[in-house]
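Here's the structure, in structure tokens; my notes come after.
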There are 2 protein chains.
Amino acid sequence: MGLILESSRNKSIEEAFRRTGVRITPQRFSVLEHLMLHPDHATVDDLAAALNRRYAKASRATVYNTLHALVEAGLVREFTLDGKAARYDANVDPHHHFVCDVCGAVEDLEWFEIPALQQQPGPKMPRTQKGEHSVKAYNIRSYEVIVRGVCRRCR
Amino acid sequence: MGLILESSRNKSIEEAFRRTGVRITPQRFSVLEHLMLHPDHATVDDLAAALNRRYAKASRATVYNTLHALVEAGLVREFTLDGKAARYDANVDPHHHFVCDVCGAVEDLEWFEIPALQQQPGPKMPRTQKGEHSVKAYNIRSYEVIVRGVCRRCR
DNA sequence: TTTTGTGCAAAAGGTTTGCATACGA
DNA sequence: TCGTATGCAAACCTTTTGCACAAAA
């Protein structure tokens with residue numbers, strides 16, 4: 001990565017902090033930088049290890065604090081899968097997720113709409129025999145899709 | 001609930017154990033019975049408390065063991081949300097989930113297909129500028145939708 | 001009678017919290 | 001300088017594990 005690209009990246013990271021009013025520290029800068037450079041949904045442990053390999057030392061507690069601040073500011077998205085350690089993503093635009101059944105890797109999927117969820121809400125709350133509800137009866141604020149399969153590296 | 005309904009329910013629970021070759025114990029019977037009667041996605045704590053309120057005493061460890069056996073046998077489905085305690089569901093038919101943003105309640109949604117995921121898989125793995133992938137490039141085995149909003153009790 | 005489930009307690013992750021110190025603005 | 005982020009350790013919550021005992025088939 002060239003110096004020009006690197007410095008423009010630094011600018012955009014600084015700009016993100018300034019825009020959201022989050023105070024800049026070496027640890028916070030490095031966490032956001034790492035998430036922007038590596039779209040592999042790092043865990044807290046991944047981030048702590050990556051930071052301590054470079055110049056900005058950070059304790060686990062600081063990584064947690066930092067991530068909470070970044071999520072709060074809308075700069076990072078949190079994603080927890082099957083009760084395991086939370087994963088973090090600098091892509092905060094709407095998107096879905098793909099999870100590899102073999103290696104557990106998580107990848108972002110481009111956003112797509114679900115026609116069944118675009119319908120006008122209805123006043124009724126019909127229930128099936130299995131206790132399920134029709135999606136028509138809800139006030140929907142958001143939704144996300146988790147797709148599972150085998151990633152190309154595991155094929 | 002009348003005696004006839006109750007005895008036919010007991011029959012169907014026993015039949016489920018027999019069909020899947022899972023050994024019947026009072027604890028296991030009560031866990032499956034509770035999940036069948038209450039479609040509210042109980043946690044391990046909920047189940048342990050509910051069982052100890054009735055006749056079949058069960059330690060937390062036994063509830064965990066029991067749930068693993070039932071999930072393994074395909075009689076129960078596990079659902080974990082946001083890294084909190086796992087929830088369990090006797091509805092093992094394909095369905096989606098609704099989560100209330102206010103009270104956190106989880107409800108089953110009837111199954112619906114996602115047209116974007118029915119497409120033929122393609123050989124390419126296009127990437128967007130944000131590092132996202134097109135869903136066309138994947139070998140999809142399954143998917144689930146998590147819908148969020150406000151449930152009718154919280155409106 | 002043999003196999004396997006149960007219960008207790010201890011341990012193992014992952015995350016949160018309290019507090020003294022250090023640092024950014 | 002003032003406010004707050006950091007780092008450490010302890011606490012907390014959920015889940016797993018080891019082992020002696022009890023119960024199911």
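Please read these numbers as outputs of a predicted model, since none were measured by experiment. Proteins come first, then strands; the chains are lettered A, B, ... in the order of their sequence lines, and each starts at number 1.
If you find the closest nucleotide of DNA chain C to A:Ala85 and to B:Lys57, the one lying nearer the 5' end belongs to B:Lys57.
The side chain of A:Arg60 contributes no N or O atom lying less than 4.0 Å from OP1 or OP2 of D:dG7. One finds a side-chain N or O of A:Tyr64 lying less than 4.0 angstrom from the OP1 or OP2 phosphate oxygen of C:dT15. For A:Thr25, a side-chain nitrogen or oxygen approaches OP1 or OP2 of D:dT6 to under 4.0 Å. Contact between the side-chain N/O atoms of A:Gln27 and the OP1/OP2 oxygens of C:dC23 is not found at any separation under 4.0 Å. Put simply, A:Thr62 has no side-chain N or O that comes within less than 4.0 Å of OP1 or OP2 on D:dA5. At D:dA5, none of the side-chain N or O atoms of A:Thr66 fall inside 4.0 Å of OP1 or OP2 (strictly under the cut-off).
Around the CD atom of B:Glu113, the shell of radius 6.0 Å holds more than 12 heavy atoms that belong to other residues, nucleotides or ligands.
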Inset, instruction - For the pair A:Arg148 and A:Asp82, evaluate salt bridge (charged side-chain N to carboxylate O under 4.0 Å, His left out) and give the outcome as yes or no after the intermediate values. - result: CA-CA 13 Å; A:Arg148 289 167 198 273; A:Asp82 296 336; 3.6 Å; yes
Inset, instruction - Test A:Asp45 against A:Val63 for side chain to side chain contact (heavy atoms under 4.5 Å, CB included), laying out the working first. - result: CA-CA 9 Å; A:Asp45 272 10; A:Val63 175; over 6 Å; no
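When heavy atoms are screened at a 4.0 angstrom cut-off, B:Ala69 is found touching no nucleic acid atom at all.
A:Asp108 and A:His96 are not linked by any side-chain donor-acceptor pair at a separation below 3.5 angstrom, with hydrogens and angles left out of the test.
Closest contact between the side chain of B:His68 and the listed nucleotides D:dT16, D:dT4, D:dT15 involves D:dT16. Taking every side-chain heavy atom of A:Arg23 into account, C:dG24 is the closest of D:dC8, C:dG24, C:dG14.
Under the ring pair (Phe, Tyr, Trp, His ring centres under 6.0 Å) criterion, the residue pairs touching residues 59-82 of chain B are B:Phe79-B:His97, with sequence neighbours excluded.
Look at CZ on B:Phe17: it is 13 Å from P on D:dA24, rounded to the nearest Å.
Side-chain atoms of B:Glu144 never come within 3.5 Å of backbone atoms of A:Val147 as a donor-acceptor pair (strictly under, hydrogens ignored).
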Taking N or O atoms only and anything under 3.5 Å, show me the protein contacts with nucleotides 18-21 of chain D, one pair per line.
none

